[in-house]
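I have placed the structure first, in the form of structure tokens, so that the comments after it can refer back to it.
Ligands are counted one by one from 1 in listed order, and the atoms in each one are counted from 1 as well. In this chain, residues are counted from 1 in sequence order. All values reported here derive from a predicted model rather than from experimental measurement.
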Amino acid sequence: MLSIEGVSIAYEGTPAVRDVDLTVADGEVLAVLGPSGCGKSTLLRAVAGLEPALGRIAWDGRDLARTPTHRRGFALMFQDGQLFDHLTVARNVGYALRVRRLRGRRVAERVEELLDLVGLAGYGERLPGTLSGGERQRVALARSLAAQPRLLLLDEPLSALDAGLRERLAGDLRDILRRAGTTTLLVTHDHEEAFTVADRMAVMREGRVVQQGALAEVWREPVDAWTALFLGYARVLTGPAASALLAAADVTATGERVAVRRSALVADDGGPLRARVRSVRATPVQTRLVVDLEGPDSAPLGEADAVADLGRRVGPGDEVRLRVDPGRLAPLPG
Ligand code: ADP
Ligand code: MG
């Protein structure tokens with residue numbers, strides 16, 4: 001397995017990665033999630049041996065400091081798969097095998113197997129220029145897997161694709177990695193991609209890992225407001241609004257802050273919370289509301305998001321009742 005211990009990396013005295021500890025167990029997919037510029041690519045490059053680092057990067061307990069990139073047995077794939085445009089798909093995928101002096105039938109068979117794995121059976125004779133963005137990334141993935149790397153390093157592998165395709169390919173990527181059983185370290189700025197693809201997640205901010213754990217745990221218990229918002233929570237409520245929501249959801253919390261997903265509050269005539277609608281926006285699946293929460297005696301508690309079924313007629317100024325989905329709240333510490 002991969003272990004990263006106390007790793008720091010600076011560019012001309014400016015820290016890019018600060019004292020990072022991470023492990024990736026055999027067969028596991030770990031996603032490092034963080035905004036642009038937080039040091040993800042730098043960390044990945046250090047693991048690949050392309051960037052000198054302080055601290056220790058080890059495989060199965062053996063320090064890799066003296067192992068050059070090409071001896072690590074790792075494969076690195078970027079957001080723009082970097083295919084050889086003059087070579088066919090099959091020759092791209094078989095590249096690492098030919099470098100290893102495999103020839104003829106064995107290369108052809110393995111290439112076919114890999115194309116099958118990534119859902120591109122029959123694409124072998126195509127040129128990269130004739131493929132869609134998603135197909136190109138699948139070819140790049142097959143090429144990275146060809147040499148059976150002991151660790152696959154993925155740098156924003158889906159970020160260059162448009163939203164719908166990215167979502168679909170994220171699911172495929174998860175299935176492909178599971179089937180291949182490849183130990184993977186993925187970095188991305190996209191929380192949905194991290195959630196779809198990974199087993200475990202580390203959140204990175206300004207060079208540091210601020211939280212790591214199983215997906216569900218990080219999802220349900222973000223360590224602070226910044227992390228919650230980065231994970232896709234819509235708002236962090238404080239004070240009386242937070243208390244009212246937690247009480248309505250029957251959640252006991254020590255702190256006075258709660259991170260709330262957009263769909264945590266649902267218009268429901270039997271709901272315990274009262275609110276006045278401020279604005280309304282229809283989406284294909286539901287109506288999104290911004291509301292002013294109201295306490296006893298109509299005391300204003302602050303603004304919040306809510307959703308309503310498309311069938312419900314609701315407009316600005318209306319009184320609504322809301323129920324709370326406790327699975328879409330995260331009480332924050334402190
Ligand atoms: P991410 O991949 O999370 O977007 P990077 O690892 O690319 O972030 O960059 C982290 C920080 O290091 C940024 O502030 C970036 O400007 C800086 N940086 C990255 N590469 C270099 C480099 N080769 N020389 C100097 N600074 C760099
Ligand atoms: Mg990057």
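Within 4.0 Å of ligand 1, protein heavy atoms come from Tyr11, Ala16, Pro35, Ser36, Gly37, Cys38, Gly39, Lys40, Ser41, Thr42.
By the 4.0 Å N-to-carboxylate-O rule, Arg312 lies close enough to Asp269 to be salt-bridged with it.
Residues Ser263 and Arg328 have side chains that bring a donor and an acceptor to within less than 3.5 angstrom of each other.
Counting only distance, with no hydrogens or angles, the side chain of Arg143 and the backbone of Gln82 share a donor-acceptor pair below 3.5 Å. Remark: side-chain polar atoms of Arg276 are not paired, donor with acceptor, to backbone N or O of Asp292 under 3.5 angstrom.
Residue-environment remark: CD (Glu51) exceeds the threshold of 12 foreign heavy atoms within 6.0 Å.
Excluding water, every protein N/O/S atom under 2.8 Å from the Mg ion (ligand 2) is given here by residue and atom: Ser41 OG.
Residues that satisfy the salt bridge (Lys or Arg N to Asp or Glu O under 4.0 Å) test with Glu5, not counting sequence neighbours, are Arg56. In this view, Phe195 and Trp219 satisfy the ring pair (Phe, Tyr, Trp, His ring centres under 6.0 Å) rule, not counting sequence neighbours.
Taking the six-membered ring where the residue is Trp, Phe230 and Trp226 present parallel rings, their angle staying beneath 30° rather than reaching 60°.
The cationic atom of Arg138 (NZ for Lys, CZ for Arg) does not lie both less than 6.0 Å from the six-membered ring centre of Tyr123 and within 45° of the ring axis.
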